[in-house]
*Asks:* 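Shown below is the structure under consideration.
The sequence lines fix the lettering, A, B, ..., with proteins before strands; numbering per chain opens at 1. If you're wondering where the values come from, they're calculated on a predicted model, not measured in any experiment.
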2 protein chains.
Amino acid sequence: MPHVYETDGAAIYRQSFATIRAEADLLRFSANEEPVAVRMIHAAGMVELAEHIRFSAGFATLARVALSDGAPILCDARMVSEGVTRARLSAANPIICTLGDPQVPDMARTIGNTRSAAALELWRPHLAGAVVAIGNAPTALFHLLDMLEDPHCPRPAVIIGCPVGFVGAAESKAALWAALPVPCCIVEGRLGGSAITVAALNALASRTE
Amino acid sequence: MPHVYETDGAAIYRQSFATIRAEADLLRFSANEEPVAVRMIHAAGMVELAEHIRFSAGFATLARVALSDGAPILCDARMVSEGVTRARLSAANPIICTLGDPQVPDMARTIGNTRSAAALELWRPHLAGAVVAIGNAPTALFHLLDMLEDPHCPRPAVIIGCPVGFVGAAESKAALWAALPVPCCIVEGRLGGSAITVAALNALASRTE
């Protein structure tokens, strides 16, 4: 006998977001931030994520403006760049992930860092005014912070800094929050990842739920 | 001043897995299952994931055999298909995601289901002996279970059933576990997602940590 389940995509989103809003503690988020937090929680399948999400002042507004102005989206991993819903981007923003570039393995050896970190060196021509989305590698976020300590390095508009894991993730996000080179969004601690990062991007790209 | 952090990829993996093995309760997993659970926890950034992971009898062994024999990997979302580390696949397995096929929107309207579910109809020529990886859509997992109720539908070798979220995720995984049409791995409840699904695949594809 066929299974009985909700098969209407719009209804699934509606019910999911209603459940999140009923269960999660979202009071500390502004009207601009709240839909972003809701979608991040949705991607994680976990209302407790709410307590770990931090938006710096102005982040959500600036990210929305940058995206609607066509800012490039710079991603540390293909799971991030492939997850962005193109139909939600009103300005056909370029979505760039340099991790697979054939120069990267040699660059990683040269700078003595991971491929994820080395790949960011190829972001430089696109970095001014960009929306940065780091959803995988703590080393990428640490390397970006080091790049931005150079005043000649172009500044992105905002940084979504949500690497995940057990070595460097919590530390790199704490370092981003402490330095705050530009407005940012983080998930404190070990939690994070490509799905949560993509969810933040998709929420910032369009008000449609 | 540059940040001080671990920049050696192999050392990062080693330290991460050591932390997981020190903190997570992994005793109920077999020697074949344990590295899979460890990598899933790694992707989630959350040792508590361990208590939600279920492997049915024979799953880990059969999945490893299927992958080393070159079984196709069928994915419900591009975040899953893009996440699989090609270098870990010794048999250059085809990795297939049909969600973007131009026939899918019409098929979804015809069957009255989501695009994620309709896309699985295009899996039929590849389904026999395949490794199925559902890391996003509960409707895809429900629809696969309905397809497999037809005895003429080809059988995959194993199913990794880890959709995430608030509507249908827990229910579809419980239905998979109850029906067990082939050996499977699930994350019970709302947790799951593409990163956890990819981690399971990458662990099953190679013993290298």
Side-chain angles (χ1 to χ4, degrees), chain A residues 1-3 5-9 11-13 15-20 23 41-47 77-83 108 111-117 135-139 142-143 145-146 149 163-169 171-172 175 187 189-196 198, chain B residues 1-9 11-13 15-20 23 41-47 77-83 108 111-117 135-139 142-143 145-146 149 163-169 171-172 175 187 189-195 198:
Chain A
M1 216 174 65
H3 293 85
Y5 58 98
E6 181 58 69
T7 56
D8 176 52
I12 292 169
Y13 270 107
Q15 288 173 37
S16 297
F17 293 168
T19 300
I20 292 165
E23 292 186 21
I41 292 166
H42 179 244
M46 194 179 157
V47 292
R78 282 189 52 83
M79 284 185 72
V80 177
S81 58
E82 286 300 315
I111 67 169
N113 206 325
T114 63
R115 288 187 296 119
S116 293
N136 185 45
T139 53
F142 270 130
H143 190 63
L145 291 174
D146 283 346
E149 288 197 356
V164 60
F166 297 86
V167 174
E171 296 83 351
S172 64
V187 173
R190 292 172 171 179
L191 297 174
S194 49
I196 290 170
V198 163
Chain B
M1 216 175 66
H3 294 84
V4 177
Y5 58 98
E6 180 59 68
T7 56
D8 177 53
I12 293 169
Y13 270 108
Q15 288 173 38
S16 298
F17 293 169
T19 301
I20 293 166
E23 292 187 21
I41 292 165
H42 179 245
M46 194 180 156
V47 292
R78 282 188 52 83
M79 285 186 71
V80 177
S81 57
E82 286 301 314
I111 68 169
N113 207 326
T114 63
R115 288 186 297 117
S116 293
N136 184 45
T139 53
F142 270 131
H143 190 63
L145 290 175
D146 284 345
E149 289 196 356
V164 60
F166 297 85
V167 173
E171 296 83 351
S172 64
V187 173
R190 292 171 171 179
L191 297 173
S194 49
V198 162

*Asks:* Side chains of B:Leu145 and A:Tyr5: does their closest heavy-atom pair fall under 4.5 Å?
*Replies:* no
*Asks:* Can you tell which of A:Ala11, A:Gly112, A:Gly45 has the highest number of heavy-atom pairs within less than 4.5 Å of chain B?
*Replies:* A:Gly45
*Asks:* Is atom CZ of A:Phe17 surrounded by more than 12 heavy atoms (other residues, nucleotides or ligands) closer than 6.0 Å?
*Replies:* yes
*Asks:* Counting only heavy atoms closer than 4.5 Å, note whether B:Ala44 contacts chain A via side chain, backbone, both or neither.
*Replies:* backbone
*Asks:* Just so I understand: if I count every heavy-atom pair under 4.5 Å between each of B:Gly165, B:Pro2, B:Gly83 and chain A, which residue has the most?
*Replies:* B:Pro2
*Asks:* Quick check on B:Ile41 against chain A: is it the side chain, the backbone, both or neither that has a heavy atom closer than 4.5 Å?
*Replies:* both
*Asks:* A:Ala43 versus chain B, heavy atoms under 4.5 Å apart: side chain, backbone, both or neither?
*Replies:* backbone
*Asks:* When heavy-atom pairs shorter than 4.5 Å are enumerated against chain A, which of B:Glu171, B:Glu6, B:His143 gives the highest number?
*Replies:* B:His143
*Asks:* Please flag which part of B:Thr19 lies under 4.5 Å from any non-hydrogen atom of chain A: side chain, backbone, both or neither.
*Replies:* side chain
*Asks:* About how many Å separate OG of B:Ser172 and NE2 of A:His3, when rounded to the nearest 0.5 Å?
*Replies:* 9.5 Å
*Asks:* So which part of B:Ala137 gets closer than 4.5 Å to some heavy atom of chain A, the side chain, the backbone, both or neither?
*Replies:* neither
*Asks:* I need the residue from A:Asn113, A:Thr114, A:Ile20 with the largest number of non-hydrogen atom pairs under 4.5 Å to chain B.
*Replies:* A:Asn113
*Asks:* Given that the side chain runs from C-beta out, which part of A:Ile196 has a heavy atom under 4.5 Å from chain B: side chain, backbone, both or neither?
*Replies:* neither
*Asks:* Distance check, rounded to the nearest 0.5 Å: A:Met79 atom CE versus B:Met79 atom CE?
*Replies:* 4.5 Å
*Asks:* What closest approach, in Å, do A:Thr7 and B:Thr139 show between heavy atoms, and which atom pair accounts for it?
*Replies:* CA-CG2, 4.5 Å
*Asks:* With a 4.5 Å cut-off on heavy-atom pairs, point out which of A:Gln15, A:Arg115, A:Met46 contacts chain B the most.
*Replies:* A:Met46
*Asks:* Aromatic rings B:His42 and A:Phe166: how do their planes relate, parallel, tilted or perpendicular, breaks at 30° and 60°?
*Replies:* parallel
